[in-house]
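Worksheet: one structure, shown below.
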Amino acid sequence: MTDYSKSDHLFLGFDLSTQQLKIIVTNEHLDPLQTYNVEFDSQFKDKYGIHKGVITGEEGEIVSPVAMWLDAIDYLFSQMKDDGFPFEKVAGISGSGQQHGSVYWSHDANNLLKQLKPDSDLSEQLNDAFSWEMSPNWQDHSTLPEAKAFHNAVGKENLAKITGSRAHLRFTGLQIRKFITRSHGKEYASTSRISLVSSFVTSILLGEIAELEQSDACGMNVYDINKSDYCNELLAVAAGVHTKIDGVAEDDPKYQKAIDDLKKKLGPIQPITYKSSGSIANYFVQKYGFSKDCNIYSFTGDNLATILSLPLQPNDCLISLGTSTTVLLITENYQPSSQYHLFKHPTMPKHYMGMICYSNGSLAREKARDEINKKYHVDDHKSWDKFDEILDNSSSFDGKLGIYFPIGEIVPQAPAQTIRAVLNKKSDDDYEVVKCELGENGFDIDDDALAIVESQTLSCRLRAGPMLSRSGYHKDDSKVKGNSDASSKADELYQQVTKRFGKLYTDGKEQNVDTLTARPNKCYYAGGASNNLSIIHKMGQIFGPVNGNYKVEIPNACALGGAYKASWSYECEQKNEFIGYDEYIKKLFDTDTELGGFKVDDKWLEYFDGVGMLAKMEEELLKTE
Ligand code: ADP
Ligand code: XUL
C-alpha cells in the first residue's frame, strides 16, 4: 500500500495511448508514487472489437472507439477507489494523448457533459455526445489524396514552414478533409466541435468541451505557428473549398462559410499557460471523491509530454533508441523543414520542440549485428558482444560510412536500400566519396558495426544542427574556442569542410557555418538500445554535447510529464507567477547522480569529415522519391 501521508498534494498524469490508459501519481516533490494502467485489449477487446487498441478498416483506415477511452477512465478510477486511493488530495491533473487523433462531438455534447450523473458510467451517458463514434488513430494511412491536396495547395516545404511539418497522413487537417469530403459528410454536418485526443480528455475531466492546446495543435497541418493562429488557406483545404484544389472561388460565399464553420468547430486555441482550464466535473467529485477544487490543466500530445518528464533545457536533445529512433530537442530557433517536425513547447513560451523520426533504428543495427555474429560463429546470435567490441576498439573516424535502410526511411524520405562508401582523401583540400560494395576498398562486414552507428548519429547531427543553430553555443564553447576566437574557429571549420566536400546540402537546404557548428547542450539517451553503452558512448562522441551525456530510464515518460505539468501549473498558480519550466524541473533533479551521466572522449571536431561525407552520400548516392 503506497504511503500518501507525507504528501500534502497529489498530482495525476494521464497517458492515453494507442494500447492503454496509464495514470501516474506524483506529489509536490515530483516523486512518482504509484502507477495504474489498463490495457485496452485485455479489458475491452470483445466490447469494442479492437486488436492492439485499434480497429483496422479498409484502405489503411485505423481508428479507435472513443467510448472505449471513456470506459478506460471509469475503469482506472474505480480501480484506484478499490485501492483506497486518496482522491481528495489530488490538487491537479494533466496528461497527454496520442498526437493527431481527433474526436467529433455532436450538438448535444456540451449538455450531456454538464449533466453527468455519478450513478452510471461515462460511456452510457455520453452515448449521444459524438457525431462519429471513432477517432482516427495516428497509424491511419488512409489519407493519401488529402496529403496530395495539402501539398498541391501550398507546397511541401512551405507547409512545413507554416505549420512546422509537411503533410503527414496521420495529421488532423488531412483526416478532417477526408471526413468532410470523402467519408463522413453527413456526420460533419452534425458535429458541433472537434477535439484532439488531448483536449478530449481535458473536456471529459472538466465536464465541458475544452479549447485545443497550442503545442498539440501544431500536429494538425492547419495551425500557423508564426502567427499563432489558424491558417485560413489551410483551413480551406481541410474544409474542401480550396480554390486551386477544389475549385471554389474565394468570393463564393461558400468559401468563407466553410472556413468559418470549421474554425468554429475547432474552436479557439489556448496559448501556453500555467492557468487551470477549470476544476474537475462534479461527476468525478461525487463518484470517486475528488475535491471540487481539483484543477484540470490542459493536456498535450504524448511526445510533447515526454520532454516534460526530464529537466530539459534549450538545446538539449533526447535520443530515444527504441525500434525506431526518435530525437526530441528543445530550441528557440524556428527552423522548419519538411523532414522533421516543429511544435510549440507545451510549457516554455518562445521555445519549440523539434522531432526527428527515423524508421531505421534498432532493427537495422540488429541486421548488422547478425551478420557480424555469423562471420565470427557467435553461438548466441542475439549477443551484442562482438558488435560492441568493434565499437569499443575504434578510435577515430576511419572514413567508412553507410546508408543502412533495410526498410524505407522517413528521414531522408527514401526507399529501402543499403549503400556503403569510403572516403578518398585526394589532397588535404579535396575529398572524394567513393561508393563501394562489401569487400571492396577495405570495407568489411566488421566495419558495418562502426559505420552504422556513426552514420545514424551523423544523420541526426546534420538535421539537429539547423534547429540548434544561431543559439550561440558554438560561440562560448571552449572546445571549439581553443585559444582563438570561437566564431573565427567556427568559420575555419566551415571553410575546411566545404573546401574538402563542396557545399553541403541536407534535405535540399544548404548547410551554413551556424548549422554545421551548432552543438547540443546535453544529450539524453533512452529506449531499448540505450542499454548498450558502447553504442551510446560512440553516439556521445559524435554529437559532442557541450554539457554532457546522460542515460535515462523513463518508462512512464508521457504520464510523468503530464503529472509534472500539473504540479508546475499548480505551483505557478499558488505563487501567481510564471516559473520557468526548466528551472522548476531542474532543481528537483541532481543531473549528475540521479540521471546516468557518462563521460566520453569528445570527437565532435574529428567527425566533421563524417558530416561532410554523409551529406554527400545523401545528396549524390541516395535516390530519394
Ligand atoms: P519500443 O519501445 O520501440 O518497443 P524498446 O525501447 O523496447 O522498443 O527498444 C527495443 C530495441 O532495443 C530492440 O529492437 C533492440 O534492438 C534494442 N536493444 C535492446 N537492448 C539492446 C542492447 N543491449 N544493445 C543494442 N540494442 C538493444
Ligand atoms: C507523433 C505520432 C506518434 C503518436 C503516438 O507524430 O504520431 O508518436 O503520437 O502516440
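Indexing begins at 1, ligand by ligand and atom by atom, following the structure's order. This is a predicted model, so every value here is computed, not measured. For reference, positions follow the sequence shown, starting with 1.
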For each nitrogen or oxygen atom of ligand 1, which protein N/O atoms lie closer than 3.5 Å, and how far apart are they, rounded to 0.1 Å?
| from | atom 1 | to | atom 2 | distance (Å) |
| --- | --- | --- | --- | --- |
| ligand 1 | 3 (O) | Thr323 | N | 2.8 |
| ligand 1 | 3 (O) | Thr323 | OG1 | 2.7 |
| ligand 1 | 6 (O) | Gly528 | N | 2.8 |
| ligand 1 | 8 (O) | Thr323 | N | 3.4 |
| ligand 1 | 9 (O) | Gly528 | N | 3.3 |
| ligand 1 | 12 (O) | Ala529 | N | 3.3 |
| ligand 1 | 14 (O) | Glu366 | OE2 | 2.8 |
| ligand 1 | 16 (O) | Glu366 | OE2 | 2.4 |
| ligand 1 | 20 (N) | Gly528 | O | 3.4 |
| ligand 1 | 24 (N) | Trp384 | NE1 | 3.4 |
| ligand 1 | 24 (N) | Asn532 | ND2 | 3.0 |

*asked:* Could you check whether Arg182 pairs with Glu146 (Lys NZ or Arg NE/NH1/NH2 to Asp/Glu carboxylate O, under 4.0 Å)?
replied: yes

_Lys367, NZ atom: more than 12 neighbouring heavy atoms under 6.0 Å_ = no

*asked:* Please tell me whether Trp568 and Tyr297 form a close aromatic pair, meaning their ring centres lie under 6.0 Å apart.
replied: no

_Residue from Phe299, Trp69, Tyr36 passing ring-ring contact (aromatic ring centres under 6.0 Å, His included) with Phe14_ = Phe299

_Angle between ring planes, Phe44 versus Tyr75, binned at 30° and 60°: parallel, tilted or perpendicular?_
perpendicular

*To the nearest 0.5 Å, how far apart are SG in Cys317 and CD1 in Ile356?*
7.5 Å

*asked:* List the protein residues in contact with ligand 2, where contact means a heavy-atom separation under 4.0 angstrom.
replied: Gln98, Gln99, His100, Trp138, Arg170, Asp302, Asn303, Met355

*For His100 and His168, what are the C-alpha separation, side-chain angles and deciding distance, and is it a ring-ring contact (aromatic ring centres under 6.0 Å, His included)?*
CA-CA 10 Å; His100 322 296; His168 291 274; 7.9 Å; no

*Would you call the rings of Trp105 and Phe200 parallel, tilted or perpendicular if under 30° counts as parallel and over 60° as perpendicular?*
tilted

*Side-chain ion pair, Glu39 and Lys22, N-O less than 4.0 Å*: no

